[in-house]
J.: 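Have a look at this one before I ask anything.
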Amino acid sequence: MLQRVVRSTIIDAPIERVWAVLRDFNSHEAWHEVVETSRIEGGERSDQVGCVRSFTLRDGNRIREQLLTLSDTEHKSTYCIVEATVPLQRYVATVTLKPVTDGNRTFWHWESTFATPPGMERELRDMVAQGVYEAGFENLRRHLRQGSDLQPAGRAAAMPMALAVPTRRVVVERYGGPEELRPQEAEAPAPREGEVRIRQRAIGVNFIDVYLRRGWVPSLLPLPGVPGMEAAGSVLDVGPQVSGLLPGDRVAYLGPVPGAYCEVRCVPAAWVVRLPAAVEDELAAALLLKGITADYLLRDLGRVQRGTRLLVHAAAGGVGLLVCSWARRLGAVVLGTVSSEEKARVAREHGCEHVIVTRDYRFADAVQRACGGADVVIDGLGDAARDENLAALARRGHWISLGQASGPLAPLPADALLAKSLSFSRPVVFDYVATNEQLAERAQRVWDALADGTIKAPPIERYSLNAAAEAHARLESRATIGALVLLP
């Protein structure tokens with residue numbers, strides 16, 4: 001059975017100073033009292049991943065350990081024992097540093113897993129926890145004080161300037177089809193005041209990205225431009241005046257300025273939410289924008305409740321599946337349009353009671369027969385569905401124009417709404433998450449709905465970042481079910 005030892009502490013020194021010591025895989029000879037002598041084998045550098053340190057403890061035991069990973073951006077290293085006279089078996093340890101929010105102290109997290117011979121579990125666990133980790137914390141504090149590395153009380157240590165890091169991104173240099181999405185090398189600058197720099201692991205693909213690529217909203221994506229409104233990953237570093245976020249934190253973001261189709265990006269901290277442990281990066285990128293959209297459509301605009309007759313276009317799409325299942329949990333009568341029998345099956349599995357299969361945007365008669373007209377229509381189809389939407393609505397019905405997959409919606413004259421006292425709205429998600437508090441509140445409702453089964457994790461199609469053009473072509477083909485994500 002594997003043992004696990006976890007210890008953490010605060011060191012009164014800037015993270016860069018603490019990391020400068022700990023990133024040196026052979027520095028423990030200078031600061032840890034249990035180490036008698038130590039050397040790096042083969043003349044390799046002590047920060048070279050794969051190097052082996054061979055050291056002798058003051059009690060006479062000998063250990064050889066190998067450096068497995070080293071990240072200067074995450075201030076994190078992992079190592080393992082490859083040979084030892086101490087009976088620690090399959091020992092793997094990780095050291096992680098994070099800055100404390102005042103920027104002048106360091107949180108140090110040290111943990112390991114290992115197996116032991118029967119009967120020695122407690123003895124070896126205490127040796128690692130107290131003799132290595134807790135003693136190491138005190139030893140390093142003393143080492144830094146003796147070296148005059150700590151600033152006197154009340155004086156702030158100067159923080160070194162963060163550097164730009166390489167990144168790969170997908171750029172639109174002229175408006176047009178999917179072929180206009182071109183990968184290129186670039187740099188992600190250091191975060192400015194109020195910003196967070198994120199290493200992205202999954203990027204959400206949404207129809208708004210298609211509209212931007214086509215040039216339908218040129219003010220939002222001037223050329224050359226990088227599409228993408230949401231992503232998930234880990235914090236690399238933070239700029240001045242950022243609190244509550246630390247390097248290594250798993251996060252997702254949603255913002256009104258495109259630029260997410262890249263490996264590393266700086267964004268305002270106000271766009272960022274932490275991710276629950278149960279929500280993986282790909283799921284977060286597939287859910288955040290679409291889930292929050294479903295939340296405000298049902299809660300704020302549709303005011304959906306038991307008995308509401310709701311018509312959802314593209315019911316098997318990323319937003320459609322979430323809206324159908326969430327609305328069904330609220331007790332609504334859920335109708336949906338899809339373009340194939342396969343999509344119809346998936347829509348039914350997600351709570352759509354009445355599925356209308358159509359590829360020619362004819363659905364009004366079926367809606368009227370099924371329920372007498374829709375109280376709310378959620379429409380991402382655009383101009384091709386215009387007249388049918390008007391015909392499908394019940395008296396005092398509300399048409400929510402969410403997108404324009406078939407083409408931009410022509411101006412709607414007021415008289416078109418008069419006959420049945422209809423209302424019309426054309427919302428933008430970013431106005432519903434204008435503050436970080438609003439974003440966090442809506443995101444939490446999405447995570448809670450996922451956790452309690454109100455919504456299901458959607459099917460996810462995955463594409464590499466370099467294959468963004470292929471993902472866009474797939475999205476525009478109307479063949480997709482669920483969500484699409486790009487993986488840097």
Side-chain angles (χ1 to χ4, degrees), residues 206-211 214 216-217 289-304 308-328 332-339 343-344 347 350-368 370-414 416-417 419-429 431-432 475-476 478 480:
N206 299 283
F207 249 106
I208 189 173
D209 306 343
V210 173
Y211 306 155
R214 291 174 177 173
W216 288 0
V217 196
L289 186 150
K290 299 173 186 67
I292 287 176
T293 298
D295 178 66
Y296 81 74
L297 289 174
L298 297 172
R299 172 185 290 263
D300 297 72
L301 283 177
R303 299 179 182 178
V304 172
T308 299
R309 296 167 294 179
L310 176 68
L311 172 61
V312 183
H313 291 314
V319 173
L321 291 177
L322 300 177
V323 168
C324 287
S325 56
W326 210 331
R328 186 66 177 273
V333 177
V334 184
L335 305 92
T337 66
V338 296
S339 60
K343 290 185 177 183
H350 285 74
C352 189
E353 298 173 72
H354 306 282
V355 183
I356 304 164
V357 180
T358 175
R359 295 191 65 88
D360 60 3
Y361 307 103
R362 297 295 181 91
F363 51 83
D365 288 346
V367 172
Q368 292 291 346
C371 67
D375 298 309
V376 180
V377 172
I378 296 177
D379 170 34
L381 300 179
D383 202 57
R386 169 196 172 102
D387 294 339
E388 288 287 297
N389 280 333
L390 292 170
L393 282 160
R395 294 187 183 279
R396 301 189 306 279
H398 184 53
W399 174 4
I400 305 172
S401 176
L402 191 64
Q404 45 195 16
S406 70
L409 184 66
L412 192 67
L417 306 175
K420 291 188 282 188
S421 299
L422 305 178
S423 57
F424 175 87
S425 61
R426 196 163 188 173
V428 177
V429 62
D431 290 322
Y432 291 84
L475 185 61
E476 292 178 270
R478 299 182 66 186
T480 58

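This chain uses plain numbering: 1 for the first residue, then up along the sequence.
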J.: Which atoms form the tightest heavy-atom contact between A332 and V304, and what is the distance?
T.: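 Smallest heavy-atom distance, with atoms named: CB-CG1, 3.6 Å.
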
J.: Answer yes or no: is there a side-chain heavy-atom contact under 4.5 Å between K343 and V355?
T.: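 No. Closest side-chain heavy atoms not under 4.5 Å.
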
J.: With no hydrogens and no angle check, is any side-chain donor or acceptor of R309 less than 3.5 Å from a backbone partner on G373?
T.: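 The answer is yes, because a donor-acceptor pair under 3.5 Å joins these two groups.
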
J.: Looking at side-chain heavy atoms only, is the closest gap between V312 and C352 below 4.5 Å?
T.: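 No, too far: nothing below the 4.5 Å cut-off.
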
J.: Hey, what do you get for CZ (R478) to CG (L475), rounding to the nearest 0.5 Å?
T.: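 So the gap between those two atoms works out to 11.5 Å.
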
J.: Does any non-hydrogen side-chain atom of L310 lie less than 4.5 Å from one of V323?
T.: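 They are in contact (side-chain heavy atoms under 4.5 Å apart), so the answer is yes.
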
J.: What's the shortest heavy-atom distance between G372 and A394, and which atoms?
T.: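 Scanning both residues completely, I find the closest heavy atoms to be O-CB, 4.2 Å.
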
J.: Just wondering, do F424 and L409 contact through their side chains at under 4.5 Å, heavy atoms?
T.: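 Yes, at least one pair of side-chain atoms sits under 4.5 Å.
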
J.: How far does CD1 of I400 sit from OH of Y296, to the nearest 0.5 angstrom?
T.: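 The CD1 atom of I400 sits 8.0 Å away from the OH atom of Y296.
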
J.: Using distance alone, with no hydrogens and no angle criterion, decide if H350 and S325 have a side-chain donor and acceptor under 3.5 Å apart.
T.: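 No, because no side-chain N or O of H350 sits under 3.5 Å from a partner of the opposite role on S325.
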
J.: Between G302 and V376, which heavy-atom pair has the shortest distance, and what is it?
T.: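 Heavy atoms only, the tightest pair is O-CG2, 3.8 Å.
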
J.: What are the two closest non-hydrogen atoms of R362 and I356, and how far apart are they?
T.: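 Scanning both residues completely, I find the closest heavy atoms to be O-CG2, 4.4 Å.
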
J.: Counting distance only, does the side-chain N/O of D379 pair as donor-acceptor with the main-chain N or O of S401 below 3.5 Å?
T.: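 Pair absent, no side-chain N/O of D379 close to backbone of S401.
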
J.: Is there side-chain contact between L311 and H313, with heavy atoms separated by less than 4.5 Å?
T.: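 A side-chain contact exists here, since the closest heavy-atom pair is under 4.5 Å.
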
J.: What distance do N206 atom CG and T293 atom OG1 have between them, rounded to the nearest 0.5 Å?
T.: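 Rounded to the nearest 0.5 Å, the CG-OG1 separation comes to 7.5 Å.
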
J.: With side chain to side chain contact (heavy atoms under 4.5 Å, CB included) as the criterion, how do Q404 and D383 come out once you've worked through the C-alpha distance, each side chain's angles and the decisive distance to 0.1 Å?
T.: CA-CA 7 Å; Q404 45 195 16; D383 202 57; over 6 Å; no

J.: Side chain to side chain contact (heavy atoms under 4.5 Å, CB included) between R386 and L412: does it pass, once the steps are laid out?
T.: CA-CA 9 Å; R386 169 196 172 102; L412 192 67; 3.9 Å; yes

J.: Quick check for you: to the nearest 0.5 Å, what is the distance between Y361 atom OH and E388 atom CD?
T.: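 Going from OH on Y361 over to CD on E388, the span is 12.0 Å.
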
J.: May I ask you to test the D295-Y432 pair for a side-chain heavy-atom distance under 4.5 Å?
T.: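 No, too far: nothing below the 4.5 Å cut-off.
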
J.: Which value, rounded to the nearest 0.5 Å, describes the distance between W399 atom CH2 and I378 atom CD1?
T.: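 The CH2 atom of W399 sits 14.0 Å away from the CD1 atom of I378.
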
J.: Rounded to the nearest 0.5 Å, what's the gap from CG on L393 to CD on Q368? Could you check?
T.: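 L393 CG to Q368 CD: 8.5 Å, rounded to 0.5 Å.
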
J.: Measure across H398 and S423 and return the closest heavy-atom pair with its distance rounded to 0.1 Å.
T.: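 Heavy atoms of H398 and S423 come nearest at ND1-OG, 2.7 Å.
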
J.: Determine the minimum heavy-atom distance between G380 and Y211, stating which atoms define it.
T.: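 Looking at all heavy atoms of both residues, the closest pair is O-OH, 4.4 Å.
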
